[in-house]
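Note sheet for the following structure.
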Amino acid sequence: MDFEFSEKEREFLREVGQFLADNYDPDVMDVTRENMAQVCDTPERRAFMKKVAEKGWLGITWPKEYGGQEGEGFFEYLLNEKLSSVGAPQIGKGVGIIGKTLINVGSEKLKREFLPQILDAKIEFAVGYSEPSAGSDAAAMRLKAERKGDGWVLNGQKVFTTSAHFADWYWVGARTDPDAPKHHGITLFLVRMDDPGLTIHPMYTMGNERTNAVFFDNVFVHDDYRVGELNKGFQYIAEALDIERFSMFTFAPIRGRMEVLADYVKTAKRDGKALKDDAVVRQKIAELATECEVARVLGVKFVDAAINSNKTPTVEASEYKLYATELSRRLADATMDIVGPGGQLALHTEDAPLKGRGESCYTYTVIDTIGGGSSQVQRNIIAKRKLDLPKNF
């Protein structure tokens, strides 16, 4: 395959670049938020996404009958990379996980209600899979959904729901058949976040960004808001997770952090000697730069496989997610080693090396290797589905 961009793709990148320049806003574009920059958690960021929607860029790959363009997925990839390169919010859960799942398995009512709002950037979603006893093993979720009249009553708890405190709707998995094998008794629902039975408590990460614990107390959901077939929710979740593993962890921020470190090494000195002349530092920078190119190519490989197979490629998604997030962690470790003790100073500390960027990268990258499925989960997927080895848990 050809890993270089065509002229049409380069023209699209120039168009997006000009759009970002014309709509620059430091309250919207903040690379120091690392991967949390992708969320639309402020009025300013939601207004920005409305402008993206007006360009017609939220439905690039959707069918035309639902307002999309039926375009190539590579342009969606290029758009997300460009947005993430400047720390702007990205197309994500609504367009990818929720929108594409509804197009595939949603009822006509759900399609009519949600798809236009997603394309117009009028609605934000939270995704609820993780629970206290169901982290890496999402199929172990125990949030209970019991049939009642023309709907369901949900009781239980979710954790690490990043967008719960600002989202409009909750895309949530619940156990509808406790006697079925764990992968076959789960159903997906859409729940309003302002339901009086939901209680949201903040859970802050070590990077000081907010996720949430969400408690369900007799939350009633009409059956109209059940997504797809009963008890087949985990199959839909598994496919959506492949999208999440790729779209949540774009390559551009990793490349940006690599450039920040390289620029620092060009001018910094230690004990009166230029770091750029230190053989060990030079080797580490060259090694990381090479690994960055590997991550970029793995991302392009995923998109190419998705286009040519007309489905989400599970193994390629796990390969990219595993390599990119572990590289991000190695890059953060190297930054702390090369910068030295000053690298521990907090973000935006004016007299800190890199203005504290090293410290924020170091704390964020730990989270990245867990979100969307931990590195060990990705290794098991690759081992089982690509190499036909037994899983180890």
(Q) Between Ser328 and Thr325 (side chain of the first, backbone of the second, donor and acceptor by atom type, cut-off under 3.5 Å), is there such a pair? (A) no
Q. Crowded around Glu7 CD? As in, over 12 foreign heavy atoms under 6.0 Å?
A. yes
Q: Would you confirm whether the ring centroid of Trp171 sits within less than 6.0 angstrom of the ring centroid of Phe114?
A: no
Q) Taking it one step at a time, do Lys266 and Asp263 satisfy salt bridge (Lys or Arg N to Asp or Glu O under 4.0 Å)? A) CA-CA 5 Å; Lys266 289 176 183 176; Asp263 287 344; 3.5 Å; yes
(Q) Distance check, rounded to the nearest 0.5 Å: Ile381 atom CD1 versus Leu387 atom CG? (A) 12.5 Å
Q: Could you list the residues that satisfy side chain to side chain contact (heavy atoms under 4.5 Å, CB included) with Glu350, not counting sequence neighbours?
A: Lys355
Q: Can you see which heavy atom on Arg257 is nearest to which on Cys361, and at what distance?
A: CD-SG, 2.9 Å
Q: Among residues two or more places apart or on two chains, list those pairs meeting salt bridge (charged side-chain N to carboxylate O under 4.0 Å, His left out) that have a residue in residues 140-157.
A: Arg147-Asp223
Q) Which pairs count as salt bridge (charged side-chain N to carboxylate O under 4.0 Å, His left out) when at least one residue sits in residues 159-185, sequence neighbours excluded? A) Arg46-Asp168, Asp137-Lys182
Q. Between Arg226 and Thr187, is a side-chain hydrogen bond (donor to acceptor under 3.5 Å, both in side chains) present by the stated rule, with each step listed?
A. CA-CA 7 Å; Arg226 171 173 53 85; Thr187 302; over 6 Å; no
Q. Among all residues two or more places apart in sequence or in another chain, which pass the side chain to side chain contact (heavy atoms under 4.5 Å, CB included) test with Lys8?
A. Ser6, Phe75
Q | With Lys93 via salt bridge (charged side-chain N to carboxylate O under 4.0 Å, His left out) - residues at least two apart | A | none
(Q) On a heavy-atom basis, which atom in Pro202 and which in Asn212 lie closest, and how many Å separate them? (A) CA-OD1, 3.8 Å
Q. For residues 205-219, which residue pairs qualify under salt bridge (charged side-chain N to carboxylate O under 4.0 Å, His left out), counting only residues two or more places apart or in two chains?
A. Arg33-Glu209
Q: Can you sort out the partners of Glu11 under salt bridge (charged side-chain N to carboxylate O under 4.0 Å, His left out), two or more places apart, ordered by chain and number?
A: Arg14
Q: Quick one: pull up CG in Leu83 and CZ in Phe19 and give me the separation to the nearest 0.5 Å.
A: 8.0 Å
Q: Check side chain to side chain contact (heavy atoms under 4.5 Å, CB included) between Val105 and all other residues, then give those that pass, not counting sequence neighbours.
A: Thr101, Val227, Tyr236
Q) Does anything in residues 194-206 pair up under side chain to side chain donor-acceptor pair (under 3.5 Å), and if so which pairs, sequence neighbours excluded? A) Arg192-Asp194
Q) Do Glu124 and Ser163 have side-chain N/O donor and acceptor atoms under 3.5 Å apart? A) no
Q.
Among Ile186, Thr161, Leu188, Val159, exactly one meets side-chain contact (heavy atoms from CB on, under 4.5 Å) together with Tyr129. Which residue is that?
A. Leu188
Q: Report yes or no: do Glu9 and Tyr77 form a side-chain donor-acceptor pair below 3.5 Å?
A: no
Q: Could you check Asn218 against Asn155 for side chain to side chain contact (heavy atoms under 4.5 Å, CB included), going step by step and ending with a plain yes or no?
A: CA-CA 6 Å; Asn218 292 322; Asn155 283 284; 3.1 Å; yes
Q.
A quick test of your reading: do over 12 heavy atoms of other residues, nucleotides or ligands sit less than 6.0 Å from NZ of Lys111?
A. yes
Q.
Just checking Phe74 against Phe5, ring centres under 6.0 Å apart?
A. yes
Q. Which pairs, with at least one residue in residues 47-70 and sequence neighbours excluded, count as a salt bridge (charged side-chain N to carboxylate O under 4.0 Å, His left out)?
A. Glu15-Lys55
Q. Can you name the side chain to side chain contact (heavy atoms under 4.5 Å, CB included) partners of Val260, sequence neighbours left out?
A. Leu354, Arg357
Q.
Test: side chain to side chain donor-acceptor pair (under 3.5 Å). Region: residues 286-295. Which pairs qualify, not counting sequence neighbours?
A. Lys284-Glu287, Glu291-Arg330, Glu293-Arg296
